[in-house]
Amino acid sequence: MGLRLTNTLTGCKDEFVPSDPQYIKMYACGVTVYDKCHLGHAMQAILYDIFARYLRFKGYKVTYVRNFTDVDDKIIARASQLGVSPLELSDQMIEISRRDMLSLKVKPADFEPRVSEYIPQIIAYIQDLMTKGFAYVGQDGSVYFRVRLKEDYGKLSRQNISELRCGVRKDVETGKEDPVDFALWKVEETPGATWDSPWGRGRPGWHIECSVMASEILGDSFDIHGGGRDLVFPHHENEIAQSEAKSGGTYARYWVHNGLLTVNRQKMSKSLNNFISIEDAVRDYGYELIRFNIYQYHYQSNIDFSAQGFFLGLSRLYSMYRTRQRVIDYMARHDLTPQSANSHPGFHQAFCEAMDDDFNLPRVMVVIQSVLQSQNEIMDKKFSAQNAMELLSLESLLHNILPILEIGLREPQEFFHEIHSRYLALKSLTFAWVTEKIELRMKHRTDKNFAMADQIRDELLALGVSLLDSRDKTSWELSEKALEELILLK
RNA sequence: GGCGACAUGGCCAAGUGGUAAGGCGAGGGAUUGCAAAUCCCUUAUUCCCCGGUUCGAAUCCGGGUGUCGCCUCCA
C-alpha cells in the first residue's frame, strides 16, 4: 500500500516513490526568528512532524531537515530596535521556538540548520552559480540570479515571467539587470549580520539559504520539500531555480504545501495583528486541543481559528478521555493487560489507508472515533473472553497510532484533573465542595428522597458540574456548557 | 492586472468518474428512580450558478459569481 501525495509541481495527487526505497529525505521551511512563533507556525511544525513520524512508522528511514532563518531584514530591524545584535536576537528566538515546539510535543527535526552557520557554503554556492552564468554582480554590487536564463522558471507556481512584470511589485532594486531577478548576496555592512565575501561585506539573499542547507545536508536532490502555501511564490520557485541551475538535475521531487491558519478567514500574521502566540495558545488551550483541532482539517486546507471551533474540539477530546478512562477501569476490573493482543487489523489498515491517502487526517480521526466507539460498544455488552480480546486489540491499535498524533496519551485522570481544576478555580469552587455535595445527595438517594437528590444535581449542573450515577457510586464531570465556557473565556 | 486555491446539510468537514465519510446540533429508542455517560436509529435525491463531455460528474471541460492566498517579508 503506497503513499499518495499532492504535489504542487504536478498539481496532482501523485503516487509517492522515494528515490531510495528505504530512505526518505525531507526538508521543510522553518521560521524566520525575529519574534515569537504563532499558532500558524505551530500548525506547520505539527504537520511535518507527523508526516515524518508516519513515514518512520511505515518503516522508512527518514532524514528530516527544518531550518531556522536567522539572517534577515526583519531580524536586523528588530534587533536594532531592541539594542541587541541580530544574532543575539535570533539566538533568543530560537531558544523560545525550541521551547514552544517542546510544549507542543513536536519532535525536533534531525537537522535544524541556521543560515549563519552556512555562510561559507552559501558563498561557494553563489560562486558556482556565477561560473555557470546564472549569477551576476549588479550595478549596486549585490549579486543577483538571472531568472530569464532558467527556462522553466515558474513551473511550480505557474507564473509567467512576462506577466510578473506588470504586477504591483514595488521597490525594484536598482542594481538588477531585470526586475524579475532576485538577490543572492546583498552587499551591506550591518554589524553582526554581515560577512566578508568575494563581492564585499554582505549577507545572503532571501532564498539561497534553503537551497544551500538542503543540498549540504540532503544532497542536490531529495524527496519531499514542504512549507506553507504562502511560500510557493517566490520562495520555493526561486529555490528550484537556483538549485536546478546549479546541479542541472531535479531539486525536490515532491512539493507539499500546507494551508494557512486564518482568523475570520484571513491569514494569521504579525502584520494583521491577528495572531496568537504558541506560548499563549498552549497556556490557554493545551497542546493536545491544538493538535486535535488541526486534525479535523486536511493539511492543505486553511484552518479558520475560532473559539467556537476549539470548543467543539474540547468536547470531543473530553469524550475521548472518558472512553480511555473507561477502558482502563474495565481492564483493571477484568484483569486484562494491553500487551496480550495484536493491533486490530481492520482499523490498523483503515488508519494506514487514510494516512497513505495524502495524509488524510480527518479520515484518521474518523478511524479513531470508530475505534473508541467500538470499545464503548464492547464494554456495554456482557463480558466474554472474545469481547475482551477484541477490546485489547483495539487498545493495542491505539497504542500504536496515537503516539504518531500525540493525542490521547495522557493519563485520563491527569487530563481530567487539569481541566477540572481550571474550571473549578474559574468558578471559585473546590473539589472538596463538589464531593461534599455529592455525598449529601447520595444520602438522599439511599433514603429514596429523589426530590432532594435531584435538586442538588440540578444545582451542580447549573454550575457546570454534571453528575454520573453508576450502580455503586456517583462521579462527576463538566457539562458541555462548562467546557464551552472554559474555552470562550480565553 | 497576472497566477493559484477553494465553494458540500443549521454549523464544521472528508470525498479527483460509479451514485454523498465523520463530528457538532436536532429528533426517536435502549439504559436509568429520573438524569448524565454509553450504544442504536433518523436527519443533503444532492454538492455556488449556467452550459458541455460521459452510460454515469460533487468529482472532468468551458463560462459566470463569491471568498481567500501569492505577485513585498511571511508557515
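We name chains A, B, ... by the order of the sequence lines, and we start the count at 1 in each one. All heavy atoms count here, side chains included; hydrogens, waters and symmetry mates do not.
Among the atoms of the strands shown, only primed sugar atoms or phosphate atoms (P, OP1, OP2) are found under 4.0 Å from some heavy atom of N376(A). Residue D458(A) is out of contact with every strand shown, counting any heavy-atom pair closer than 4.0 Å. Among the heavy atoms of the strands lying under 4.0 Å from K13(A) is at least one base atom, whether or not backbone atoms are also near. At the heavy-atom level, T32(A) lies under 4.0 Å from the strands shown only through sugar-phosphate atoms. Residue G154(A) is classed as having no contact, given no heavy-atom separation below 4.0 Å to the nucleic acid. As judged by a 4.0 angstrom heavy-atom cut-off over every strand, H298(A) is placed among residues touching the sugar-phosphate backbone only.
A straight line from CD of Q296(A) to P of G23(B) spans 11 Å, rounded to a whole angstrom.
T190(A) and E188(A) share a side-chain donor-acceptor pair at under 3.5 Å.
Considering only side-chain atoms of F233(A), the nucleotide from C70(B), G33(B), C40(B) that sits closest is C70(B). Looking at the side chain of D469(A), the nearest of the listed nucleotides A35(B), G69(B), C39(B) is A35(B). Side-chain proximity of K74(A) to the nucleotides G33(B), C73(B), A75(B) is greatest for C73(B). Checking G23(B), A21(B), G69(B) against every side-chain atom of V366(A), the shortest atom distance belongs to A21(B). Distance from the side chain of R363(A) is smallest to A14(B) among U38(B), A14(B), C70(B). Ranking G15(B), A13(B), G25(B) by closeness to the E480(A) side chain, first place goes to G25(B). Side-chain proximity of V31(A) to A75(B), A37(B), G23(B): nearest is A75(B). Side-chain proximity of L261(A) to the nucleotides G23(B), G2(B), A75(B) is greatest for A75(B).
Nucleotides of RNA chain B nearest to A453(A) and M365(A) differ in position, and the one nearer the 5' end is that of M365(A).
Base pairing annotation: C70(B) forms a Watson-Crick or G-U wobble pair with G2(B), both donor-acceptor distances under 3.5 Å. Remark: G25(B) base-pairs with U43(B); criterion is Watson-Crick or G-U wobble with both hydrogen-bond distances under 3.5 Å.
Nearest approach of P86(A) to A193(A), heavy atoms of both residues: CG-CB, 3.7 Å.
Spacing of C1' atoms, U59(B) relative to G23(B), comes out at 23 Å, to the nearest Å.
By the stacking rule of 5.5 Å between ring centres and under 30° between planes, F450(A) stacks on the base of G33(B).
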